[in-house]
**Student:** 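Can you read through this structure? Questions will come right after.
Each chain gets a letter, A, B and so on, in the order its sequence line appears, and its residues count up from 1.
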Protein chains: 2
Amino acid sequence: MQLHRSDVVTKAAHILDEFGIADLTMRRLARELSVTPGALYWHFADKQELLGAVADRILEPAVPDVAALPWAQRISTIGAALREALLSSTDGAELVSATFASGRSAALARILDLLAAAASDAGFETTNAALAARTIVYYVLGFTVDEQSRLQWDAAGALPDGQSVLTSNPNGRFAFGMRLLVDGMSAQHTVSPDDGASPDEGVDTGVTVPTA
Amino acid sequence: MQLHRSDVVTKAAHILDEFGIADLTMRRLARELSVTPGALYWHFADKQELLGAVADRILEPAVPDVAALPWAQRISTIGAALREALLSSTDGAELVSATFASGRSAALARILDLLAAAASDAGFETTNAALAARTIVYYVLGFTVDEQSRLQWDAAGALPDGQSVLTSNPNGRFAFGMRLLVDGMSAQHTVSPDDGASPDEGVDTGVTVPTA
DNA sequence: ACCTGAACACCGTTCAAGT
DNA sequence: ACCTGAACACCGTTCAAGT
């Protein structure tokens, strides 16, 4: 029978989940699909495209319907959904991080849009809303890559002691950073008499460089 | 003459800077040092240890003396110094990101400590200060990996149009995210009448899970 | 102590040729 | 249109043996 794009992605997702990202090679994938490595290159231009498709598979449940929520809750919900999706697969965070860097995941683009829309509702103009959205994603990916690698060290037996501060209560730890970011966004759009916050001035979009 | 650890790191840093991370292989490194690949394994346990040493070399100038500055400026200064060090070498951000994930850079640990100390001065207790420090590093690494890959796409000729918003004014864009984070930190330690901010309660360190 | 030689067990990608 | 066979040009790591 014929090999389809989706079969390849499904098998790749299985290998990832069972054996980790180091075992997700084109040759092994081909072997487990009972085809020749070259066959995969009929369906995918290169390995990165394949990984992008796997990332999208992992991120499917991470695009929640949040249209009705106030902006801050929308951001928290999306962040939590993203983290959960990443944790659901072995090395999921690492795979999606790599894919994010190469810009080949459609689902991640969608998540970025949702976050930018929330930031926009918070009062940021378009450019800064997109920046805030990326900042959230940097945090979720960074945190979760860390968390997942520690989980694996831990499961594999040896956790370096004294580091228990870094593994306990991961949900609370994750929420702390999310709160930091959401608070930062609020601060820039809440004028209060004693904190010196000012309305959003935006980043000068490309003409001058205001930073020292 | 004898091969020393520092010679290996120096040559590795040169290959990285001239040809990028894809060309930084143990075999090529050995070839350019006129030794056998096996020789490298006398000086380094594995490739990750070597990459950690290269990361430390790159990060040397990114550990600024900031003891005298107020906490917010210390954070901004460290963040800017880190970004600058990453940008100074081809694929520097990617290399340090990979090394950060594997926890093998001493310099990055030092930077994390400096940031945590600043967060501590901002009013966070130890656990949360360490979390805030990591959040800053996630941001700087994420942002700079992005920035550097776009710089390379751009230099290599084809920049996908309509994306100019993402490449112009990088200094201002970087500062925006830093401000977001610093503002978030301030918000949690500034009691003002209309923003509902409360003093730092900390993450319950490992006993209960306060998050839904 | 420090390095070579040689092997082990792999990679991603391409492409003429087959069906 | 879809895939095989076979090659190209590599990898990281180990380890007996040499000096």
**Student:** Take atom CZ in Arg5(A); do more than 12 heavy atoms of anything else shown fall under 6.0 Å from it?
**Tutor:** yes
**Student:** Locate the shortest heavy-atom distance separating Leu86(B) from Gln148(B); write the atom from each residue and the value.
**Tutor:** O-NE2, 3.3 Å
**Student:** Does the structure place the NZ or CZ of Arg28(B) under 6.0 Å from the centre of the six-membered ring of Phe19(B), at an angle of no more than 45° from the ring's axis?
**Tutor:** yes
**Student:** Hey, what's the ring geometry for Phe124(A) with Phe176(B), parallel, tilted or perpendicular (30° and 60° as the breaks)?
**Tutor:** perpendicular
**Student:** Check the surroundings of atom CD in Glu84(A): do more than 12 heavy atoms from other residues, nucleotides or ligands lie under 6.0 Å from it?
**Tutor:** no
**Student:** Please determine whether salt bridge (Lys or Arg N to Asp or Glu O under 4.0 Å) holds for the pair Lys11(A) and Asp7(A), giving the CA-CA distance in whole Å, both sets of side-chain angles, and the decisive distance to 0.1 Å.
**Tutor:** CA-CA 6 Å; Lys11(A) 182 67 82 180; Asp7(A) 304 329; over 6 Å; no
**Student:** Give the B/S/- string for nucleotides 2-15 of chain C, one per nucleotide from 5' to 3', where a protein heavy atom under 4.0 Å of the base yields B, of only the sugar-phosphate yields S, and otherwise -.
**Tutor:** BSBB-B---BBBBB
**Student:** Only one of Asp91(A), Thr90(A), Ile15(A) passes side chain to side chain contact (heavy atoms under 4.5 Å, CB included) with Ile21(A); say which it is.
**Tutor:** Asp91(A)
**Student:** Should the pair Arg83(B) and Phe143(B) be classed as cation-pi, given the thresholds of under 6.0 Å to the six-membered ring centre and 45° from the axis?
**Tutor:** no
**Student:** Using a cut-off of strictly less than 4.0 Å between a heavy atom of the residue and any atom of DNA chain C, enumerate the qualifying residues of residues 90-105 of chain B by number.
**Tutor:** none
**Student:** In dot-bracket form, 5' to 3', how is DNA chain C paired? Count Watson-Crick and G-U wobble pairs only if both distances fall under 3.5 Å, and write | where the partner sits on another strand.
**Tutor:** ||.|||||...|||||.||
**Student:** Is a salt bridge present between Arg74(B) and Asp121(B), judged by a nitrogen-to-oxygen distance below 4.0 Å?
**Tutor:** yes
**Student:** State the CD-OH distance between Glu49(A) and Tyr41(A), to the nearest 0.5 angstrom.
**Tutor:** 11.0 Å
**Student:** Could you tell me how far dC10(C) sits from dA9(D) if I compare only their P atoms? Round to whole Å.
**Tutor:** 23 Å
